[in-house]
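Worksheet: the structure to be examined is printed underneath.
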Amino acid sequence: MITLKTIARLGSFTKASEELRYSQSTLTIHIQAIEKELNGKVFERIGKNIVITDLGNELLSIADVIVKAHEKIETLKNSRNLNESTIRIGSQESIALYRLQPIINEFQQTFPQIKIIQVLGQKSELVDKLLTGEIDLLFVMQRPRDTANVAAIDLVEEKMGIVGLGQNLQSLDDLKNKNFVFIYPKNDCTYRNVFEKYLGAYLDSRKNRIEALSIEAIKQSIVVNSGVSILPYSTVQREVQSGQMSFFALDLSLEDKISTQLIYHKNKWLSPVLKEFIKLIEQEIHFSQSTFIIE
């Protein structure tokens with residue numbers, strides 16, 4: 001079933017072979033076994049293209065259920081060795097650096113034999129990996145929304161604000177009086193629209209602008225260029241508390257509020273280990289959030 005799903009998704013035995021790390025002959029044996037059982041073709045070769053048949057599509061529609069059921073059986077079979085499991089996590093950089101790592105360290109102290117694989121990337125890429133089963137859990141910052149194929153847990157509403165160097169920025173009026181360099185989040189960033197909406201009135205042809213590709217790049221640009229940007233408080237908490245940076249909290253409208261969410265596929269069977277990990281994430285992020293004090 002995994003072979004079937006992978007070939008259907010990639011449209012190629014060669015690419016599926018590379019991804020699954022099986023020889024093409026092994027993939028052929030897998031597909032032939034399916035076709036023998038069903039007494040029909042699940043793929044056809046038309047020219048250089050691999051096309052899934054109607055029979056293949058029918059099987060594909062229940063392949064996820066079969067794979068998840070198999071995962072559950074394997075977990076139950078190996079229930080005595082749950083500490084030897086692997087958790088595959090996808091995350092945006094800002095969440096991985098400023099929220100997840102201490103919690104992962106704590107979890108691994110309790111379950112030292114669990115292997116945790118972290119995959120960092122853009123939200124769209126990570127969602128694709130979640131839907132294809134390449135990762136188990138996904139952590140993203142986004143506006144709350146419903147998605148047909150995934151379940152989402154709102155972990156914490158992010159405190160968004162304007163960040164500047166030292167005490168250079170105490171109110172929005174300060175933006176009018178000084179020639180700040182405006183540091184843009186990258187174009188596909190979750191809160192790029194918040195930046196443009198709340199700082200748009202202060203952006204004109206006389207202002208210098210820089211687009212940074214990461215949270216750390218934004219922070220470095222603020223320091224080097226005496227710039228300003230909009231960031232979640234969780235990403236600059238240390239600098240604000242030390243006095244290196246100032247943080248002016250924004251009162252966002254309901255449609256602009258951004259939350260850190262934990263997302264998993266609705267068909268995903270949550271093993272005992274995954275449930276323990278999710279429970280710790282919820283507890284620790286709630287606790288850490290309750291300790292944030294913004295004056």
Taking a hydrophobic cluster as the set of Ile, Leu, Val, Met, Phe, Trp and Tyr residues connected by side-chain heavy atoms closer than 4.5 Å, whether directly or through intermediates, do L10 and I52 fall within one such cluster? no

Would you mind telling me which of S234, S259, S94 makes a side chain to side chain donor-acceptor pair (under 3.5 Å) with E158? S234

Please report the interatomic distance OG1(T6) to CZ(F13), rounded to the nearest 0.5 Å. 11.0 Å

State the CD1-CD1 distance between I95 and I285, to the nearest 0.5 angstrom. 8.0 Å

Please name all residues satisfying side-chain contact (heavy atoms from CB on, under 4.5 Å) with I116, sequence neighbours left out, ordered by chain then number. I87, I89, I104, F107, Q108, I114, Q118, F277

Nearest heavy-atom contact between S91 and A96 is OG-N, 3.3 Å

Note, S12 side chain near I7 side chain (heavy atom, < 4.5 Å): no

Between T260 and M141 (side chain of the first, backbone of the second, donor and acceptor by atom type, cut-off under 3.5 Å), is there such a pair? no

For Q261 and V150, run side-chain contact (heavy atoms from CB on, under 4.5 Å): C-alpha distance rounded to whole Å, both residues' side-chain angles, the deciding distance at 0.1 Å, then the answer. CA-CA 12 Å; Q261 296 181 342; V150 302; over 6 Å; no

With a 4.5 Å limit on heavy-atom distance, are the side chains of P232 and I258 in contact? no

Sequence neighbours left out, what passes side-chain hydrogen bond (donor to acceptor under 3.5 Å, both in side chains) with S61? Give chain and number order. none

Identify whether I153 and F139 are in the same connected component of the hydrophobic contact network (ILVMFWY, side-chain heavy atoms under 4.5 Å). yes

For the hydrophobic clusters of this structure (ILVMFWY residues joined by side-chain heavy atoms under 4.5 Å, transitively), does one cluster hold both I222 and L250? yes

For L270, give me all partners under side-chain contact (heavy atoms from CB on, under 4.5 Å), at least two apart in sequence or on another chain. Y264, K268, L274, K275, I278

Tell me whether L59 shares a hydrophobic cluster with V65, the cluster being built from Ile, Leu, Val, Met, Phe, Trp, Tyr side chains joined at under 4.5 Å. no

Spatial distance of atom CD (E276) from atom NZ (K279) [nearest 0.5 Å]: 5.5 Å

L120 with L126, same ILVMFWY side-chain cluster at under 4.5 Å: no

Counting C-beta onward and ignoring hydrogens, is there a side-chain heavy-atom pair between E134 and R88 closer than 4.5 Å? no

Could you grab the distance from atom NE2 of H265 to atom CG of N149, nearest 0.5 Å is fine? 5.0 Å

To check you understand the geometry: which heavy-atom pair defines the closest contact between V240 and S246, and what is its length? CG2-C, 4.5 Å

Give a yes or no on this: more than 12 heavy atoms of other residues, nucleotides or ligands lie within 6.0 Å of atom CD1 of I2. no

Does a side chain donor of either Q101 or N105 reach within less than 3.5 Å of an acceptor in the other side chain? yes

Nearest heavy atoms of V181 and N225, plus distance in Å: CG2-O, 3.7 Å

Full working for side-chain contact (heavy atoms from CB on, under 4.5 Å) between L97 and I215: CA-CA 10 Å; L97 290 179; I215 297 289; 5.9 Å; no

Do the non-hydrogen side-chain atoms of M160 and D256 ever get within less than 4.5 Å of each other? no

Which side-chain N or O atoms in residues 27-51 pair as donor and acceptor under 3.5 Å with protein atoms at least two apart or in another chain?
{"from": "T28", "atom 1": "OG1", "to": "Q24", "atom 2": "O", "distance (Å)": "3.0"}
{"from": "H30", "atom 1": "ND1", "to": "T3", "atom 2": "OG1", "distance (Å)": "2.7"}
{"from": "E35", "atom 1": "OE2", "to": "V42", "atom 2": "N", "distance (Å)": "3.0"}

Just to verify, which of R9, K5, K129 counts as forming a salt bridge (Lys or Arg N to Asp or Glu O under 4.0 Å) with E19? R9

Looking at side-chain heavy atoms only, is the closest gap between F182 and V228 below 4.5 Å? yes

The reported gap from CD in Q142 to CG in D154 (rounded to nearest 0.5 angstrom) is 8.5 Å

Work out which heavy atom in S23 is nearest to a heavy atom in S25; give both atom names and the distance. OG-OG, 2.9 Å

Check whether any side-chain heavy atom of V127 lies under 4.5 Å from a side-chain heavy atom of K123, and answer yes or no. yes

R99 side chain reached by I103 side chain, heavy atoms, under 4.5 Å: no

Partner residues of E239 under the side-chain contact (heavy atoms from CB on, under 4.5 Å) criterion, sequence neighbours left out: K219, V236, Q244, M245

Under the rule for side-chain contact (heavy atoms from CB on, under 4.5 Å), what residues qualify as partners of E18, not counting sequence neighbours? T14

Heavy-atom side-chain proximity of L100 to I281 below 4.5 angstrom: yes

